[in-house]
Amino acid sequence: MKPKIRICIAEALNRAHEAGALPSSEWPPIEVEAPKIESHGDLSTNIAMVMAKIQKMAPKKIAQILIDHIEDRESIIARTEIAGPGFLNFFIHPEAWLPRLNEIHETGDRYGASEVGKGVRYQVEYVSSNPTGPLHVGHGRGAAVGDSVANILRFCGYDVQKEYYINDSGRQIRTLGLSVMIRYKALLGQEETFPAECYQGDYIIDMAEEIREKHGDSLLSEPEEEAVLTCARYAAEQILKGIESDLADFGVRFDRWFSEQRLYDEGKVEKTLAAMKERGLVYEKEGALWFKTTDYGDEKDRVVVRGNGQTTYFASDIAYHIDKYERGFDRVIDVWGADHHGYIPRMRAAIEASGQKSDEQFHVILVQLVNLLRGGTPAAMSTRAGEFVTLKEVVDEVGRDAARFLFLIRHYESPLDFDLEVAKQQTNDNPVYYVQYVHARISSIIEKGLERGLISTIEWQEDAVRLLVEPEEIGLIKLMVRYPETVEMSAKNLEPHRITYFLMSLATAFHAYYNKHRVLTDDAPLLTAGRLYLVAAVRKVIRNGLSLLGVSAPEKM
RNA sequence: GCCCCCGUAGCUCAGUGGAUAGAGCAAUGGAUUCCUAAUCCAUGUGCCGCAAGUUCGAUUCUUGCCGGGGGCACCA
């Protein structure tokens with residue numbers, strides 16, 4: 001509908017100019033939007049105000065000239081008005097919305113999909129938690145956001161890869177090995193003090209036990225470093241398996257798991273550093289190798305190789321990101337926790353230095369913290385190592401759908417209160433069920449309609465659909481017509497919560513309709529067929545939106 | 001001190017230059033012999049943190065200030 005009006009306006013502009021009514025043939029992009037207030041019409045444009053200066057005319061006069069030159073070939077416009085400081089409002093014939101229903105049915109799962117991203121390769125990297133412990137709730141939010149953003153981009157025609165970067169190298173992994181080793185020794189009677197920097201969780205002890213079962217006490221006779229390495233490898237592998245399975249239970253599946261260790265094994269980190277040296281991007285100071293990130297806007301230079309010869313994580317991160325672009329991705333999205341924001345300038349510097357346009361080709365989504373609550377009071381989230389609520393616990397308690405939906409209910413830059421009690425509630429308070437309930441309700445109505453033999457198939461019937469005249473019915477269609485642009489905005493801004501909000505408002509509109517009007521009526525078969533066609537469309541849009549969020553659409557609840 | 005995010009109704013938050021700023025929760029009262037009450041309807045609340053600037057027009061963009069959170073290692 002919006003494009004049709006836009007074309008009408010464009011044509012009117014041309015016609016008016018040719019007729020000499022408008023002096024200038026220059027005009028800004030024509031913006032058409034749905035006003036917030038119903039009395040302002042179905043669609044509105046500010047073009048008259050925006051053009052006032054160029055045309056050297058009063059906005060209201062321009063608006064009138066436009067109205068005089070509009071040709072409504074399809075007869076979709078019921079009336080127009082000039083309002084406020086110069087808005088041009090369009091009121092659409094209610095029946096002009098009806099063909100949109102057909103479009104929704106025809107496109108179905110692809111309704112709202114587009115080709116705007118065609119030919120552009122995106123990589124979305126998210127979660128990427130170190131395999132040193134299980135995922136916690138914060139990772140869950142990052143997973144939901146990253147996964148949904150990737151889904152939405154894919155839906156908009158982008159070629160998208162979902163990737164998890166495994167930090168399976170470096171100091172943290174060694175610390176992990178050491179933690180397990182110490183627990184292992186303790187199991188064999190060699191008590192040692194457990195260092196504060198080691199991982200405290202019980203899962204470390206469990207793995208030490210597994211190693212003891214597997215290796216007996218043989219590790220004690222091995223050289224310390226080798227034994228620690230064995231522990232580290234085993235532990236990291238087990239933890240990673242756990243992470244993978246927790247994510248699978250959460251509905252998140254990656255296209256690729258990328259190992260940091262492999263970057264080292266394949267010499268890519270070394271190669272990157274050599275190239276940087278050659279290009280004079282780095283210098284030595286106090287025994288360490290520094291990358292001149294300040295040349296690219298960072299506030300201080302950063303170490304890539306420490307005095308002891310070890311590379312920093314930054315070094316491998318640079319190699320990793322270069323590798324991403326070498327793999328042919330046009331744009332790279334990293335989903336990070338908000339506490340990593342200080343890392344952005346140096347990463348941007350590295351990307352800029354490697355020849356990419358970091359502002360266009362690199363985007364970081366900083367996801368804010370999750371405040372885990374239980375009945376309004378903070379649920380155990382001690383910062384003490386080893387005490388945290390895991391993603392698995394949350395998913396087991398409230399379910400995957402509720403967790404995913406609620407993680408996507410806020411803008412990712414807004415801190416999120418996640419109340420376990422609310423998430424479990426099967427009431428109005430819980431927006432997940434509110435939306436899913438629409439799907440279940442409609443499924444039930446359709447099933448009943450088929451059972452009673454009121455319809456045999458759901459299909460476009462001109463005379464049936466024409467009976468959809470209630471304001472709530474036209475309102476539902478108008479709302480659904482806005483879904484594609486919601487998806488588009490969601491993709492453009494990388495903001496999944498727009499879908500969430502859309503679904504909630506569509507659900508509200510449907511529930512209200514349902515309570516006011518009956519879909520199935522035995523004595524009005526044609527009206528029943530029309531209404532079934534309408535609600536079936538609603539069901540498709542709900543299912544479509546939920547799938548972008550990674551939430552299921554149940555037939556029964 | 002520097003950097004990032006936030007500041008909108010009692011609470012939690014939508015609203016990326018438009019008209020009279022919205023929703024949920026909480027509160028009160030109502031609705032179901034009938035397609036799923038996990039639902040709906042009614043009742044009201046605002047110095048959009050403050051102040052300048054840009055603009056025909058600012059909750060939205062810029063700058064400064066105030067308040068809250070987070071980050072500022074040869075840590076990850």
Side-chain angles (χ1 to χ4, degrees), chain A residues 31 33 35-37 39-40 44-46 48-50 52-53 58-59 83-87 89 129-130 132 167 170-173 175 197 285-290 298-300 302-314 317 337-345 364 366 368-369 371 376 409-417 419 422 425-438 440-449 451-452 454 489 492-493 495 497-498 500-501 504-505 507-508 510-522 528 531-532 535 556-557:
Chain A
E31 285 175 37
E33 59 170 30
K36 284 184 255 183
I37 300 164
S39 64
H40 291 157
S44 174
T45 181
N46 62 356
M49 287 178 288
V50 179
K53 200 171 259 181
F87 288 102
N89 297 337
S129 161
N130 292 350
T132 54
N167 279 115
R171 228 184 59 135
Q172 281 192 41
I173 291 299
T175 305
E197 69 270 20
K285 191 179 84 180
E286 292 158 13
L289 193 67
W290 300 70
D298 198 4
E299 56 183 9
K300 55 175 290 194
R302 309 291 174 175
V303 171
V304 284
V305 182
R306 291 190 274 167
N308 63 9
Q310 286 182 344
T311 50
T312 60
Y313 277 85
F314 183 39
D317 282 343
D339 53 342
H340 285 63
H341 89 265
Y343 209 77
I344 297 175
V364 178
L366 284 181
Q368 282 291 337
L369 299 176
N371 280 317
I409 206 164
R410 300 270 172 262
H411 190 285
Y412 56 78
E413 272 174 3
S414 183
L416 174 70
D417 286 342
D419 197 312
V422 174
Q425 261 173 46
Q426 302 189 337
T427 67
N428 210 354
D429 297 349
N430 195 339
V432 196
Y433 298 119
Y434 185 79
V435 173
Q436 286 185 321
Y437 191 48
V438 171
R441 246 186 177 173
I442 296 174
S443 300
S444 166
I445 294 170
I446 291 172
E447 196 186 339
K448 205 139 281 179
E451 266 174 25
R452 290 195 203 163
L454 295 173
M489 285 298 281
K492 188 178 159 201
N493 298 305
E495 292 172 342
H497 76 280
R498 288 173 184 273
T500 316
Y501 273 88
M504 290 193 288
S505 52
T508 299
F510 172 77
H511 284 313
Y513 173 62
Y514 173 89
N515 273 274
K516 193 164 171 188
H517 303 286
R518 287 194 62 81
V519 175
L520 304 178
T521 40
D522 295 320
T528 298
R531 287 185 171 171
L532 276 168
V535 300
K556 281 188 166 50
M557 285 173 74

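Throughout, a chain's letter reflects where its sequence line sits, starting with A, and its residues are numbered from 1.
- Across all strands shown, A/E299 has heavy atoms under 4.0 Å from sugar-phosphate atoms exclusively, and none from any base.
- Between the side chain of A/T508 and the backbone N or O of A/M504, at least one donor-acceptor pair lies under 3.5 Å.
- Nucleic acid contact for A/V50: base, since at least one base atom lies under 4.0 Å from a heavy atom of the residue.
- Pairing partner, B/A27: B/U43, with both Watson-Crick or wobble hydrogen-bond distances short of 3.5 Å.
- For B/A73, there is no paired nucleotide, since no Watson-Crick or G-U wobble pair has both relevant distances below 3.5 Å.
- The residue A/Y313 sits close only to the backbone: its heavy atoms come under 4.0 Å of sugar-phosphate atoms, none of a base.
- Side-chain proximity of A/A512 to B/C74, B/C40, B/C35: nearest is B/C40.
- Distances shown here put a side-chain N or O of A/K53 below 4.0 Å from the OP1 or OP2 atom of B/C56.
- In terms of phosphate contacts, A/Y514 brings no side-chain nitrogen or oxygen within less than 4.0 Å of OP1 or OP2 of B/C41.
- Within the 4.0 angstrom heavy-atom criterion, base atoms lie near A/N89.
- Taking the nucleotide of RNA chain B with the nearest heavy atom to each of A/Q368 and A/G307, the more 5' of the two is matched to A/Q368.
- Of the side-chain N and O atoms in A/Y513, none sit less than 4.0 angstrom from OP1 or OP2 of B/U39.
- One atom, CD1 of A/I442, and another, C1' of B/A38, lie 15 Å apart when rounded to the nearest Å.
- If you check every strand for non-hydrogen atoms under 4.0 Å, A/M489 touches a base.
- By the 6.0 Å and 45° rule, A/R441 stacks over the aromatic ring of A/Y514.
- Remark: side-chain polar atoms of A/T521 are not paired, donor with acceptor, to backbone N or O of A/T528 under 3.5 angstrom.
- Under the 4.5 Å side-chain criterion, counting only non-hydrogen atoms from C-beta, A/D417 is not in contact with A/V422.
- Taking only side-chain nitrogens and oxygens, A/R441 comes nearer than 4.0 Å to OP1 or OP2 of B/A37.
- Atom CG in A/D419 sits roughly 13 Å away from atom P in B/U12 (whole-Å rounding).
- What separates CD1 of A/I37 from P of B/G22 is a distance of 6 Å, to the nearest Å.
- The phosphate of B/G22 (OP1 or OP2) has no side-chain N or O of A/K36 nearer than 4.0 angstrom.
- Checking side-chain atoms of A/T45 against main-chain N and O of A/E31 turns up a donor-acceptor pair under 3.5 Å.
- With both ends at atom P, the span from B/A14 to B/G24 equals 16 Å, rounded to whole Å.
- Judged by distance alone, with hydrogens and angles left aside, A/R518 brings a side-chain donor or acceptor within reach of the base of B/C34, the pair sitting under 3.5 Å.
- Residue A/A83 is in base contact, counting any heavy-atom pair closer than 4.0 Å across all strands shown.
- Within 4.0 Å (heavy atoms only), A/P415 reaches sugar-phosphate atoms of the nucleic acid but no base atom.
- With hydrogens and angles disregarded, no donor-acceptor distance shorter than 3.5 Å links the side chain of A/N89 to the backbone of A/S44.
- One atom, CE of A/M504, and another, C1' of B/G15, lie 13 Å apart when rounded to the nearest Å.
- Regarding contacts with the backbone of B/C6, every side-chain N or O of A/H411 stays at 4.0 angstrom or more from both OP1 and OP2.
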Next item on the list: Apply side chain to side chain contact (heavy atoms under 4.5 Å, CB included) to A/L454 and A/D522, showing your working.
Entry: CA-CA 7 Å; A/L454 295 173; A/D522 295 320; 3.6 Å; yes
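- Residues A/Y513 and A/R531 bring a donor and an acceptor atom of their side chains to less than 3.5 Å of each other.
- Here A/Y437 reaches the OP1 or OP2 of B/A38: one of its side-chain N or O atoms lies under 4.0 Å away.
- Between the side chain of A/S505 and the base of B/A23, no donor-acceptor pair of N or O atoms lies under 3.5 Å.
- The separation of B/A58 from B/U43, taken at their C1' atoms, amounts to 33 Å, rounded to a whole angstrom.
- Per the stacking criterion (ring centres < 5.5 Å, plane angle < 30°), A/H40 stacks onto the base of B/A19.
- Among the protein residues, A/H511 comes within range of the sugar-phosphate backbone only, with heavy atoms under 4.0 Å from sugar or phosphate atoms but none that close to a base.
- The closest donor-acceptor contact from the side chain of A/H511 to the backbone of A/Y434 lies under 3.5 Å.
- The pairing partner recorded for B/C56 is B/G18, the criterion being a Watson-Crick or G-U wobble arrangement whose two distances lie under 3.5 angstrom.
- Taking only side-chain atoms of A/H497, from C-beta outward, the nucleotide of B/G15, B/U12, B/U36 with the closest atom is B/G15.
- Comparing B/C61 with B/G17, their C1' atoms are spaced 8 Å from each other, to the whole Å.
- Using a 4.5 Å heavy-atom cutoff, the side chains of A/H411 and A/E495 are in contact.
- The aromatic ring of A/F87 does not sit over the base of B/G18; the criterion of centres under 5.5 Å apart with planes under 30° is not met.
- A/H341 contributes no side-chain N or O that forms a donor-acceptor pair with the base of B/C5 under 3.5 Å.
- Between A/N515 atom CG and B/A42 atom C1' there is a gap of 14 Å when expressed in whole angstrom units.
- With both pairing distances under 3.5 Å, B/U32 is matched to nothing as a Watson-Crick or G-U wobble pair.
- Nucleotides B/C48 and B/U36 place their P atoms 46 Å apart, quoted to the nearest Å.
- Comparing A/N46 and A/T311, the nucleotide of RNA chain B nearest to each residue sits closer to the 5' end for A/N46.
- Pairing for B/G64 is with B/C50, a Watson-Crick or G-U wobble pair whose two hydrogen-bonding atom distances lie under 3.5 Å.
- Only the C1' atoms considered, B/G49 is 16 Å distant from B/G69, to the nearest whole Å.
- No contact: A/R302 has no heavy atom under 4.0 Å from any strand.
- Nucleotides B/U32 and B/G44, compared at atom C1', are 28 Å apart to the nearest Å.
- Counting non-hydrogen atoms under 4.0 angstrom, A/N167 reaches nothing in the nucleic acid.
- In this structure, A/I409 atom CD1 and B/C25 atom P are separated by 11 Å, rounded to whole Å.
- Atom CD1 of A/I446 and atom P of B/U36 are 12 Å apart (whole Å).
- In this structure, A/K516 atom NZ and B/U39 atom P are separated by 20 Å, rounded to whole Å.
- Atom C1' of B/G7 sits at a distance of 15 Å from the matching atom of B/G15, rounded to the whole Å.
- OP1 and OP2 of B/G69 both lie 4.0 Å or more from every side-chain N or O belonging to A/S414.
- Taking the C1' atoms as reference points, B/G10 lies 9 Å from B/U45, given to the whole Å.
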